[in-house]
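Here the structure comes first, spelled out in structure tokens, and everything after it is commentary.
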Amino acid sequence: MRTKAAVAIEAGKPLEVMEVNLEGPKEGEVLVEIKATGICHTDEFTLSGADPEGLFPAILGHEGAGVVVEVGPGVKSLKPGDHVIPLYTAECRECEYCLNPKTNLCQKVRATQGQGLMPDGTSRFSMLDGTPILHYMGCSTFSNYTVLPEISLAKVREDAPFDKICYIGCGVTTGIGAVLYTAKAEIGCRAIVFGLGGIGLNVIQGLRLAGADQIVGVDLNPAKVEMATRFGMTDFVNPKEVEGDLVPYLVNLTKGGADYTFDATGNVQVMRTALEACHKGWGESIIIGVAPAGAEISTRPFQLVTGRSWRGTAFGGARGRTDVPKIVDWYMDGKIEIDPMITHVLPLEDINKGFDLMHAGESIRAVVQY
Ligand code: NAD
Ligand code: 022
Ligand code: ZN
Ligand code: ZN
């Protein structure tokens, strides 16, 4: 078939909206009509050329929601008409990783996904002249129709609006999951969230859900205060307005250090501050932000010897097929909010404007509606 898609032709160039060829689903694969897709940081990271593993030409996009159109041979868990959210972290439920409760990093399709290919080692997308186009993070949601492995789709309820739940495909689940699945934060805890963007705001609402007593937000941009307060932030700190070292200031504010800190900036200096602002003896710091290629973190080992832990999370530690449908329910039940964070809605033709808005820090989340 043919479908309209925004294609990343090469690094550093805007996406080009065009018709492309899409082959039908093979063994274990599913054809999905994408109804809405969010524009997230890593799409821009890849398009800009900063990602050393970035491949071209490719159809980017890893945050979306849509409807199953056709299932390939052997597909048992989905049927045409089912509503789904694509998963850049699959859940096969049978690999060594899926069987270990300590991780969500299913490895079943990891190798081919990283090469921009389907599990059989080929691509379903091509240019009208036949040039192959690569998949991206197993999702390629910047296409009106896309093909994914069955294990890379979460089936969700049919009354949930696509233009909102697409955000659960990355930002919402990453932020809330980091609190509930990775940190397993307890009622009454104190926490600090560094970076109040599309991820940090969801960490804040995850902490509110967990029953945290104190939720300190840290950001260089005071324009983030209003939204963060709405989502549950109790104290705001602008590092530019703190005289002297930020660590003792935060330790004092949290009465000895935070039980949990979260980096949602991707800045390695911030990651160090986040670790050191943890409480002696038990504080845990969780890295969510993806740092530039080759970056390194450092601290004095004494910080760890004295009982602080440094951890990280991918996709909030969520097991997509199991946890994403629950998060959609939480949204529909009013336990979490999404609507105020979707600051812009655009047609596919304007997708590059969405990247500009993100770059300028003007959007929390821009969503493309097909
Ligand atoms: P964003 O740009 O919307 O937000 C980042 C925020 O950090 C901004 O508000 C900015 O003002 C603030 N900031 C920047 N430098 C700062 C500093 N030195 N001190 C304090 N605040 C600072 O980005 P986002 O969409 O929220 O994503 C945040 C990070 O999370 C990115 O690195 C992204 O790649 C990563 N991410 C990771 C995962 C995962 O699974 N681990 C998933 C999604 C996103
Ligand atoms: C999503 N991310 C950033 C913004 N939006 C993001 C980027 C990378 C990861 C998670 C979220 C990530 C963390 C750890 C890994 N990845 C490796 C997991 C593994 O090796 O099993 C990651 C993922 C997918 C891909 C690359 C890196 C990919 O498909 N190319 C989950
Ligand atoms: Zn993302
Ligand atoms: Zn698995």
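When a ligand or atom number is given, it counts from 1 through the structure's own listing order.
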Using the side-chain contact (heavy atoms from CB on, under 4.5 Å) rule, take Val328 and Arg157 through it: C-alpha gap first, then chi angles, then the decisive distance, then the call. CA-CA 8 Å; Val328 172; Arg157 58 198 274 174; 3.9 Å; yes
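- Polar contact with ligand 1: absent for Arg365 (N/O pair, distance under 3.5 Å).
- In this structure, Val179 and Phe262 approach most closely via the heavy-atom pair CG2-CZ, 3.9 Å.
- For the Zn ion (ligand 4), the nearby protein N/O/S atoms, meaning those under 2.8 Å, are Cys92 SG, Cys95 SG, Cys98 SG, Cys106 SG.
- In the model, Arg124 has a side-chain atom that pairs as donor or acceptor with a side-chain atom of Thr122 under 3.5 Å.
- Annotation: atom 4 (O) of ligand 1 to nearest protein heavy atom, Gly197 CA, 3.3 Å.
- Of the N or O atoms in Gly316, none lie within a sub-3.5 Å distance of an N or O in ligand 1.
- Each of the following atoms of ligand 1 lies closer than 4.0 Å to a heavy atom of Ala314: 40 (O).
- Inspection of the Thr261 and Ser285 side chains reveals an N or O donor paired with an N or O acceptor under 3.5 Å.
- By the 30° and 60° cut-offs, the orientation of the rings of Tyr88 relative to His62 is perpendicular.
- Within a 6.0 Å sphere centred on CD of Glu226, heavy atoms belonging to other residues, nucleotides or ligands number 12 at most.
- The protein heavy-atom contact nearest to atom 1 (P) of ligand 1 is His41 CE1, 3.4 Å.
- Between Lys79 and Asp82, at least one side-chain nitrogen of the basic residue sits less than 4.0 Å from a carboxylate oxygen of the acidic one, meeting the salt-bridge criterion.
- With atom 33 (C) of ligand 1 as the reference point, the heavy atom nearest to it among Thr313, Thr89, Val290 is part of Val290.
- Closest to atom 7 (O) of ligand 1 among all protein heavy atoms lies Gly195 CA, 3.4 Å.
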Using side-chain contact (heavy atoms from CB on, under 4.5 Å), reason through Ile39 and His344 one step at a time and then give a plain yes or no. CA-CA 10 Å; Ile39 302 175; His344 300 80; over 6 Å; no
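- Of the candidates Arg190, Arg311, Glu186, Tyr260 forms a side chain to side chain donor-acceptor pair (under 3.5 Å) with just one, namely Glu186.
- At a heavy-atom distance under 4.0 Å, only side-chain atoms of Val270, from C-beta outward, approach ligand 1.
- Which of Asp219, Thr182, Asp263, Thr174 comes nearest to atom 21 (N) of ligand 1 through a heavy atom is settled by distance: it is Asp219.
- The other residues sharing a hydrophobic cluster with Val67 are Phe162, where clustering joins ILVMFWY side chains under 4.5 Å apart.
- Distance check, rounded to the nearest 0.5 Å: CE of Met118 to NE2 of His135 gives 4.0 Å.
- Given atom 29 (C) of ligand 1, the protein heavy atom at minimum distance is Gly289 CA, 3.7 Å.
- In the displayed structure, Tyr97 atom OH is contacted under 6.0 Å by at most 12 heavy atoms of other residues, nucleotides or ligands.
- Around CD1 of Ile187, the count of heavy atoms belonging to other residues, nucleotides or ligands within 6.0 Å does not exceed 12.
- For a distance threshold of 2.8 Å, the protein N, O or S atoms nearer than that to the Zn ion (ligand 3), listed by chain and number, are Cys40 SG, His62 NE2, Cys170 SG.
- In terms of protein heavy atoms, atom 13 (N) of ligand 1 is closest to Thr265 CG2, 4.0 Å.
- Residue contact annotation: Phe315 has a non-hydrogen atom under 4.0 Å from ligand 1.
- With a 4.0 Å cut-off on non-hydrogen atoms, Cys170 touches ligand 1 through its side chain and not its backbone.
- Taking Ile, Leu, Val, Met, Phe, Trp and Tyr as hydrophobic and joining them when side-chain heavy atoms fall under 4.5 Å apart, one finds Met271 in a cluster with Val268, Leu275, Ile287, Ile297, Leu304, Trp310.
- Defined by atom type and a distance below 3.5 Å, a donor-acceptor pair is present between the side-chain atoms of Ser77 and Glu150.
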Working for side-chain contact (heavy atoms from CB on, under 4.5 Å), residues Val7 and Ile59: CA-CA 5 Å; Val7 184; Ile59 295 175; 4.3 Å; yes
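- Under 4.0 Å from ligand 1, the heavy atoms of Lys224 that appear belong solely to its side chain.
- Ala178 approaches Thr313 most closely through the heavy-atom pair CB-CG2, 4.0 Å.
- Under 3.5 Å, the side chains of Asp339 and Tyr167 contain no donor-acceptor pair of N or O atoms.
- Given atom 24 (P) of ligand 1, the protein heavy atom at minimum distance is Ile199 CG1, 3.6 Å.
- The protein non-hydrogen atom at the shortest distance from atom 28 (C) of ligand 1 is Ala264 O, 3.2 Å.
- Compare Ile288, Leu220, Asn202 by their heavy atoms: the one nearest to atom 39 (C) of ligand 1 is in Ile288.
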